[in-house]
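To keep things clear, I will list the structure first and then write my remarks on it.
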Amino acid sequence: MALSRRSHLLWIASDAGIYSLGEAVQAQPKPIHGRDGKTVSQMARTLALRADDTPWAVIGTSLYRRDADGAWVSVLTEWPNAKDFIPMAMTFSSRDDLWIGGIRAKNGLMHLVLDGNRISRIEQIGADRVGSELIFSLLWDKRHRLWVGTENGLAVYNGLEWIRMTRDDGLLSSDINQQGLSEDEDGSIWVATSRGVSHLLHPERLFERQTLDPVFIRVALGDHLLPEKAVPFSRDPLVVTLGTLNTALANTTYFRYRLEGVDQNWITTTTGEIRYNFVPPGHSRLVVQALNDNRNLISPPITLEIRMQRPWWTTWPLIMLYTLSVVALPYAFTHLRFRYLLKRQHRLEALVDERTIEMRAAQHALEQQARQDGLTRLMNRRTAEASVSRLLERLSRLDVRSSTRFATLALLDVDHFKSINDTFGHVIGDEILAGIGARLLRAKHQEEIIGRYGGEEFLIVIQGDFAAARARIATLLGTLSDVPFETKIGTLSVGCSAGIARMSPEEAWSDALERADQALYKAKIAGRGRIVVSERDLDDEGYPD
């Protein structure tokens with residue numbers, strides 16, 4: 001809302017549009033038209049009058065000005081470093097200085113410097129100055145001060161410095177309402193907050209130079225007050241209570257301190273209490289300063305002298321005795337120490353030999369664990385794949401006419417294994433897998449590759465004649481299907497299916513694995529409990545019989 005003192009018009013920005021009220025004229029919302037005659041928007045968030053009575057308004061999230069012919073002209077559509085910026089308040093401090101505040105921006109206050117009707121520069125005011133990134137109200141008063149209402153209190157700028165006020169300074173609430181700032185005829189400021197209205201009768205006093213005078217209210221070593229003279233050595237904690245003589249700023253004042261010789265950097269306290277669990281003996285100095293960010297004040301430092309006597313065991317006679325002992329006693333104990341070191345060396349050599357044997361055994365066990373599947377004790381997937389790669393490399397060096405130059409790859413799967421887990425639980429399922437691994441290990445020939453490939457799938461690779469390899473795979477499946485497995489809930493019989501593919505060194509073994517996987521899928525579709533050879537390998541004449 002803005003009142004033109006020249007035309008006696010009252011301009012009001014609202015969600016329904018922009019109102020202009022004159023004497024004896026009923027207010028009606030007027031559509032906001034651009035120079036092309038099209039409606040710009042029906043929502044106006046805030047409005048302010050320039051010194052020449054030209055209305056400027058935020059329509060949507062863009063800045064517009066009203067031209068002499070009544071059309072609204074876009075001035076700014078994108079805000080710097082503030083993609084989601086929503087302006088909430090604006091005010092002119094002069095013809096060429098426009099202040100705009102809002103929400104959803106890293107810096108909620110922006111200072112626009114105008115050159116005629118063009119923006120020549122935009123200055124972003126950080127939240128460290130105004131106290132918040134959410135700004136709801138702006139006011140430029142008669143004494144040329146900018147007032148900023150935020151959700152964290154009130155900030156005021158006199159052209160030289162920023163001063164802040166919060167509930168601790170006397171406001172009813174730190175949450176300032178939108179358009180909640182107004183200036184009275186006597187220069188006092190009214191502040192509307194979420195809990196009521198505050199009235200600043202003498203706002204000029206905010207910029208009166210004030211001082212912070214920190215004082216030591218209480219200094220205690222343990223349960224006793226610390227005297228000015230030197231005290232006997234003590235391990236009792238040092239507790240210091242701080243205060244300030246400027247009671248008007250007490251609620252917003254905090255302290256920083258440093259114990260010389262102990263603290264390298266300043267330590268901050270907002271409670272005014274300092275505690276050291278231990279103070280070193282000798283002469284120490286505790287340096288304290290009071291700070292108030294709302295008034296930009298830092299006090300001169302005050303110091304506390306702490307004199308503590310050294311403990312008796314650090315006196316000069318004892319230090320001399322310590323020095324003499326250090327020189328004489330080593331000579332007396334040299335012989336005993338030499339004999340002790342020889343015995344210890346023999347014990348260490350024996351211990352090293354023992355630990356070496358243990359480490360070798362542990363290393364062997366770790367290597368075994370890295371190659372094995374933890375549940376079935378078969379090769380794990382990585383070891384099985386590496387073994388197949390080494391086998392194909394060996395086969396590639398054999399005579400091309402040799403029948404042993406080829407291998408057979410099978411993927412074996414436990415039928416209805418998911419039903420076993422769902423019905424009896426994963427513990428029983430793990431027992432079945434462990435039993436399968438134990439039987440395959442017992443039946444495995446030395447040159448065969450058998451490993452757990454994942455879940456309930458097992459990989460079997462056998463070198464040599466395809467027919468013999470197929471019969472061997474059938475035998476291995478029989479060892480699993482013919483005899484039930486003993487479990488915690490009794491005996492369980494399982495069936496197995498397998499897909500088979502022939503493999504040569506000239507092809508990638510992953511291709512043979514894919515064919516075996518497809519054959520396994522066909523075995524499952526056909527009713528499980530069977531062995532299926534891949535279609536290509538059934539009629540592939542490229543392999544020797």
Side-chain angles (χ1 to χ4, degrees), residues 222 232-238 259-265 276-284 308-391 393-394 427 430-431 433-454 458-459 461 486 488:
F233 173 76
S234 172
R235 293 188 177 274
D236 291 336
L238 175 69
L259 184 61
E260 294 180 351
V262 175
D263 303 320
Q264 294 183 352
N265 301 313
Y276 285 94
N277 291 329
F278 173 72
V279 177
H283 186 189
S284 303
M308 181 178 293
Q309 298 173 358
R310 297 185 178 277
W312 61 268
W313 57 86
T314 61
T315 57
W316 281 110
L318 286 177
I319 292 176
M320 294 297 294
L321 180 61
Y322 298 153
T323 305
L324 181 62
S325 300
V326 168
V327 174
L329 290 179
Y331 179 79
F333 287 104
T334 298
H335 182 66
L336 294 176
R337 180 170 178 77
F338 179 73
R339 294 181 59 185
Y340 167 76
L341 289 177
L342 281 178
K343 292 181 180 179
R344 184 176 180 181
Q345 181 179 355
H346 294 319
R347 290 198 301 269
L348 287 176
E349 289 174 353
L351 184 61
V352 168
D353 293 339
E354 181 182 349
R355 291 293 183 267
T356 301
I357 296 173
E358 293 177 356
M359 288 178 63
R360 288 174 180 172
Q363 182 179 3
H364 177 74
L366 288 175
E367 292 175 353
Q368 191 71 10
Q369 291 177 6
R371 293 193 299 267
Q372 285 185 345
D373 175 63
L375 181 62
T376 63
R377 300 301 177 185
L378 296 171
M379 293 181 182
N380 56 29
R381 178 170 180 166
R382 184 179 63 181
T383 305
E385 290 178 345
S387 299
V388 174
S389 298
R390 289 195 297 270
L391 172 63
E393 185 178 352
R394 287 199 311 271
V427 174
D430 288 347
E431 283 194 52
L433 292 177
I436 290 174
R439 293 188 185 183
L440 289 176
L441 279 176
R442 287 196 298 268
K444 176 182 176 298
H445 293 166
Q446 183 176 0
E447 69 279 2
E448 294 174 347
I449 298 173
I450 303 179
R452 184 183 180 189
Y453 204 68
F458 298 84
L459 177 70
V461 178
E486 295 293 335
K488 293 179 180 179

## Note on the structure
dist Leu391:CG -> Glu448:CD (nearest 0.5 Å) comes out at 11.5 Å

### Task
Quick one: list whatever passes salt bridge (Lys or Arg N to Asp or Glu O under 4.0 Å) with Arg337, sequence neighbours left out.
none

### Query
Taking only residues two or more places apart in sequence or in another chain, which ones pass side-chain hydrogen bond (donor to acceptor under 3.5 Å, both in side chains) with Asp430?
none

### Message
Just so I know, are the side chains of Gln372 and Asn380 near enough to count as touching, which here means a heavy-atom distance under 4.5 Å?
### Response
no

#### Entry: Student check: side-chain heavy atoms of Leu433 and Phe458 closer than 4.5 Å
yes

### Message
Can you give me the closest heavy-atom contact between Ser234 and Phe278, atom names plus distance?
### Response
O-CE1, 4.2 Å

### Message
Show the nearest heavy-atom pair for residues Leu259 and Ser284, with the distance to one decimal.
### Response
CD1-CB, 4.0 Å

#### Entry: Nearest-0.5 Å distance that lies between atom CD1 in Ile450 and atom NE2 in His445
9.0 Å

#### Entry: Results of salt bridge (Lys or Arg N to Asp or Glu O under 4.0 Å) for Arg381 - residues two or more places apart only
Glu385

#### Entry: For Thr376, all residues meeting side-chain hydrogen bond (donor to acceptor under 3.5 Å, both in side chains), sequence neighbours excluded
Asp373

### Query
Which residue pairs pass the salt bridge (charged side-chain N to carboxylate O under 4.0 Å, His left out) test with at least one member in residues 438-447, sequence neighbours excluded?
none

### Task
Please list, chain by chain and in numerical order, all residues satisfying salt bridge (Lys or Arg N to Asp or Glu O under 4.0 Å) with Glu349, sequence neighbours excluded.
none

### Pairing residues for Leu342 by the side chain to side chain contact (heavy atoms under 4.5 Å, CB included) criterion, not counting sequence neighbours
Phe338, Gln345

### Message
If I take atom CG from residue Leu378 and atom OG1 from residue Thr383, how far apart are they, to the nearest 0.5 angstrom?
### Response
11.0 Å

### Task
Determine the minimum heavy-atom distance between Gln309 and Pro281, stating which atoms define it.
O-CB, 3.9 Å

### Pairwise distance NE2(His346) to CG(Leu341) - rounded to 0.5 angstrom
11.0 Å

### Task
With sequence neighbours excluded, tell me which residues meet side chain to side chain contact (heavy atoms under 4.5 Å, CB included) with Arg347.
Tyr340, Lys343, Arg344

### Query
Which residues pass the side chain to side chain contact (heavy atoms under 4.5 Å, CB included) test with Glu354, sequence neighbours left out?
Leu351, Glu358

#### Entry: Residues that Asn277 engages under side-chain hydrogen bond (donor to acceptor under 3.5 Å, both in side chains), provided they are two or more places apart
Arg275

#### Entry: salt bridge (Lys or Arg N to Asp or Glu O under 4.0 Å) partners for Glu486, two or more places apart
none

### Summary
Hits for side chain to side chain contact (heavy atoms under 4.5 Å, CB included) against Ala384, two or more places apart or cross-chain, chain-then-number order -> Met379, Leu459

